[in-house]
Number of protein chains: 2
Amino acid sequence: MNEKDFLASYNASAYNTPKGLPVDICMFTITSTKKQTVRKVLPTRDIKILLIKRKGHPYKDMWALPGGFSKEEESLYEAAKRELKEETNIGDDVHIEQLKTVYYPGRDKRGWMPTVVYFALVNEKYLQNMQAADDATEAKLFTVEEALSMSLAFDHHDIIQEAYDKIKEKMLTTSIAKEFLEDEFTIAELLQVLQVVVPEFKVEKSNFIRKMVSTETRKGLLEEVRLENGDHKMSDRNSQREARLYQFSDHMPKVSIYNSTLF
Amino acid sequence: MNEKDFLASYNASAYNTPKGLPVDICMFTITSTKKQTVRKVLPTRDIKILLIKRKGHPYKDMWALPGGFSKEEESLYEAAKRELKEETNIGDDVHIEQLKTVYYPGRDKRGWMPTVVYFALVNEKYLQNMQAADDATEAKLFTVEEALSMSLAFDHHDIIQEAYDKIKEKMLTTSIAKEFLEDEFTIAELLQVLQVVVPEFKVEKSNFIRKMVSTETRKGLLEEVRLENGDHKMSDRNSQREARLYQFSDHMPKVSIYNSTLF
DNA sequence: ACAATAGTGTCTGTAAGACATTATGTA
DNA sequence: TACATAATGTCTTACAGACACTATTGT
């Protein structure tokens with residue numbers, strides 16, 4: 001059956017879910033791949049998004065955001081989490097946040113079809129067993145750049161663009177960078193992750209490393225990880241020389257365009 | 001009929017709107033009232049929110065957010081705007097923005113009932129002819145503090161709290177303060193409006209007035225209004241001595257917790 | 001010894017905030 | 001002339017960014 005026949009035979013009200021809403025998920029991750037170099041260096045990192053290939057009409061065989069319908073007995077948040085889990089088999093330790101709800105006439109050829117969009121930030125370590133999840137649906141990670149250059153189902157291009165813009169903003173104003181990092185990370189890793197998502201964020205690495213811990217207004221944002229004996233905990237995973245490890249603290253500074261002092 | 005009888009007789013599916021969604025609106029405004037003083041001073045300003053008194057069950061006679069159902073032939077944004085207009089009779093020149101969509105089991109005694117929440121920032125000058133709008137429904141402005149201390153219908157307390165938190169954040173990181181100001185405003189007015197919404201934002205007025213225009217990173221955020229002859233346009237509406245008038249420019253700086261320079 | 005990353009020293013320009021002072025116009 | 005607000009002067013401390021330099025360790 002082609003799409004035209006499908007739409008002609010489609011009974012919109014049969015698909016309407018009076019007690020649930022369509023939920024779509026923009027799942028972002030940052031993959032890291034080892035560089036083939038003589039010495040240890042930072043891995044190559046890329047920001048990626050999960051897409052699935054549609055099995056049915058409309059937009060059959062096109063790539064789209066994963067999603068599904070929420071149920072009456074679950075919250076929208078729970079629905080998003082469930083859908084993501086069905087697709088990726090990840091655990092509960094995921095940052096998932098509502099982006100927006102979309103409806104305007106004509107957004108779905110089938111008629112009335114809103115969608116509640118969530119975005120998720122998932123550490124690549126949770127995506128190891130993704131294939132096992134559901135091999136009936138073809139799911140694949142694309143770089144965000146790639147995804148945005150493709151022709152996608154529905155208005156998913158615009159949704160991804162908006163989700164990505166949101167993440168770029170939150171990357172610099174909250175501590176969500178931690179979702180993409182190990183529990184304990186070096187400042188070079190932090191900077192790399194920030195710049196993978198927000199290339200416009202330009203600072204000199206050596207200054208960044210120092211200022212993140214030395215400047216008074218930034219104190220409390222990161223904590224140095226210490227060993228029992230009080231020494232700095234170090235890692236040499238990215239370099240010959242060991243680097244100090246850090247964690248985000250609970251302290252979340254706020255920012256303002258009216259004076260750039262954090263408070 | 002009391003609420004218990006009402007719920008017993010309530011047929012949820014009759015109210016379900018397969019082709020529309022409930023939309024609620026947090027409409028904020030800042031009222032200004034002249035102080036009774038010998039000399040001209042800044043008015044007293046208060047951040048207020050619009051509530052309506054519910055005419056029917058559930059939560060009959062309690063204060064609640066204004067809202068209604070979106071239609072298939074309009075976007076959610078248009079629905080929010082329409083609902084707000086029905087309530088307040090304001091024009092199209094309104095900042096209205098989606099906050100979030102809420103559903104969790106039990107949020108409405110009638111069963112499945114999500115809501116798409118919008119917040120609106122409306123200048124008080126547009127609310128002059130509010131009474132004319134629809135005198136069947138009782139609508140009233142409450143200070144946000146007051147509203148949050150009241151017992152409200154549904155989970156509207158939590159929704160208002162979240163909307164207010166969002167506005168506080170956006171107040172300091174975007175130029176939405178302009179929604180509450182005249183087209184041309186003094187820096188003292190700007191600061192007052194900022195502090196009415198975000199009391200934690202503390203700066204010394206004389207420094208603020210200077211730094212807003214003199215500091216390099218803030219240049220471009222505000223523009224001095226000039227007369228034809230190049231002189232500063234001034235106003236003495238709040239003081240004996242005239243103050244310079246400003247406008248927000250198109251330039252929107254971004255902020256970061258990782259370095260507090262705007263870019 | 002070299003390569004690559006980690007981290008420090010030092011200097012310049014600018015911002016934030018405290019506090020004092022001057023400017024302006026009306027009751 | 002008194003007063004309330006507008007705006008500037010001045011000073012201290014701190015941050016951002018540039019750039020040079022040292023530190024560490026595996027190959």
Side-chain angles (χ1 to χ4, degrees), chain A residues 34-44 172 185-192 201-222 224-225 231-246 253 255-263, chain B residues 34-44 172 185-192 201-222 224-225 231-246 253 255-263:
Chain A
K34 281 212 181 76
K35 281 208 187 95
Q36 294 306 320
T37 49
V38 179
R39 290 181 184 73
K40 281 184 280 190
V41 294
L42 280 170
T44 302
L172 295 184
F185 51 86
T186 68
I187 298 207
E189 290 170 340
L190 168 61
L191 180 57
Q192 191 194 22
F201 184 74
K202 291 191 171 67
V203 288
E204 223 222 356
K205 181 141 79 174
S206 68
N207 282 333
F208 188 72
I209 287 175
R210 174 180 26 191
K211 301 290 172 64
M212 278 306 295
V213 282
S214 74
T215 51
E216 200 55 43
T217 47
R218 225 89 53 215
K219 285 230 184 90
L221 179 55
L222 295 187
E224 298 172 334
V225 183
D231 285 358
H232 287 285
K233 189 167 173 192
M234 316 286 282
S235 162
D236 64 351
R237 59 188 178 231
N238 304 314
S239 55
Q240 329 314 317
R241 180 174 171 181
E242 294 197 311
R244 292 186 192 149
L245 290 171
Y246 295 83
V255 283
S256 152
I257 57 174
Y258 295 107
N259 77 351
S260 51
T261 301
L262 313 181
F263 68 96
Chain B
K34 282 213 181 73
K35 281 207 185 95
Q36 295 305 321
T37 50
V38 179
R39 290 183 183 72
K40 282 185 278 189
V41 294
L42 280 170
T44 303
L172 295 184
F185 51 85
T186 68
I187 298 208
E189 289 170 340
L190 169 60
L191 179 58
Q192 191 193 23
F201 184 74
K202 291 191 170 67
V203 289
E204 221 220 357
K205 181 142 80 175
S206 68
N207 282 332
F208 187 71
I209 287 175
R210 172 180 27 190
K211 301 290 172 64
M212 278 307 295
V213 282
S214 75
T215 49
E216 201 55 43
T217 47
R218 225 86 54 216
K219 285 227 184 93
L221 179 56
L222 295 186
E224 299 171 333
V225 183
D231 285 357
H232 286 285
K233 189 167 175 192
M234 316 286 281
S235 162
D236 63 352
R237 59 190 179 228
N238 304 315
S239 56
Q240 328 315 316
R241 180 174 172 182
E242 294 196 311
R244 292 184 193 151
L245 290 171
Y246 294 84
V255 283
S256 153
I257 57 173
Y258 295 107
N259 76 353
S260 51
T261 302
L262 313 181
F263 67 96

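What you see is a predicted model; the values in this text were computed from it and never measured. Chain letters run A, B, ... following the sequence lines, proteins first and then strands; every chain starts at 1.
- Going from atom CD of B:Glu224 over to atom CD1 of B:Ile187 covers 8.0 Å, rounded to the nearest 0.5 Å.
- To the nearest 0.5 angstrom, A:Glu204 atom CD is 10.5 Å from A:Leu191 atom CG.
- Mapping A:Gln240 and B:Tyr246 onto DNA chain D by nearest heavy atom places B:Tyr246 closer to the 5' end of the strand.
- In this pair, A:Phe208 and B:Tyr258 present their aromatic rings tilted. The plane angle is within the 30 to 60° band.
- When each of B:Lys40 and A:Leu42 is assigned the nucleotide of DNA chain C bearing its nearest heavy atom, the one mapping closer to the 5' terminus is A:Leu42.
- Across residues 231-238 of chain A, A:Asn238 each have a non-hydrogen atom less than 4.0 Å from an atom of DNA chain C (numbered order).
- For C:dT14, neither phosphate oxygen OP1 nor OP2 lies less than 4.0 angstrom from any side-chain nitrogen or oxygen of B:Arg218.
- One distance of note links CG of B:Asn238 with NZ of B:Lys34; it measures 10.0 Å at 0.5 Å rounding.
- Within residues 202-215 of chain B, the residues approached by DNA chain D to less than 4.0 Å at the level of any non-hydrogen atom are B:Lys205, B:Ser206, B:Ile209, B:Arg210, in residue-number order.
- For A:Ser239, the side-chain atoms get nearest to C:dT5 when compared with the rest of D:dT8, C:dT5, C:dG7.
- Atom CZ of residue B:Arg237 and atom NZ of residue B:Lys40 lie 11.0 Å apart, to the nearest 0.5 angstrom.
- Take the nearest nucleotide of DNA chain D for A:Glu216 and for A:Glu242: the residue whose nucleotide is more 5' is A:Glu216.
- Listed by chain and number, the residues in a side chain to side chain contact (heavy atoms under 4.5 Å, CB included) with A:Val225 are A:Glu184, A:Lys233, A:Leu245, A:Gln247 (sequence neighbours excluded).
- Side-chain N/O atoms of B:Asn259 include one lying less than 4.0 angstrom from OP1 or OP2 on D:dG17.
- Atom CZ of B:Arg244 is separated from atom P of C:dT24 by 11 Å (rounded to the nearest Å).
- Whole-Å rounding puts the A:Leu245 CG to C:dA6 P distance at 11 Å.
- For C:dA4, the base has no donor-acceptor partner in the side chain of A:Arg39 [N/O atoms by modelled type, under 3.5 angstrom].
- For A:Glu216, the side-chain hydrogen bond (donor to acceptor under 3.5 Å, both in side chains) partners are A:Lys219, not counting sequence neighbours.
- One can place CD of A:Gln192 at 10 Å from P of C:dT5, the figure rounded to the nearest angstrom.
- Rounded to an integer number of Å, the gap from NZ of B:Lys35 to P of D:dA4 is 12 Å.
- Residues meeting the side-chain hydrogen bond (donor to acceptor under 3.5 Å, both in side chains) test with A:Arg241, sequence neighbours left out: none.
- Partners of B:Lys35 by side chain to side chain contact (heavy atoms under 4.5 Å, CB included), not counting sequence neighbours, listed by chain and number: B:Thr37, B:Val41, B:Thr44.
- The distance between atom CG of A:Leu191 and atom C1' of D:dG17, rounded to the nearest whole Å, is 14 Å.
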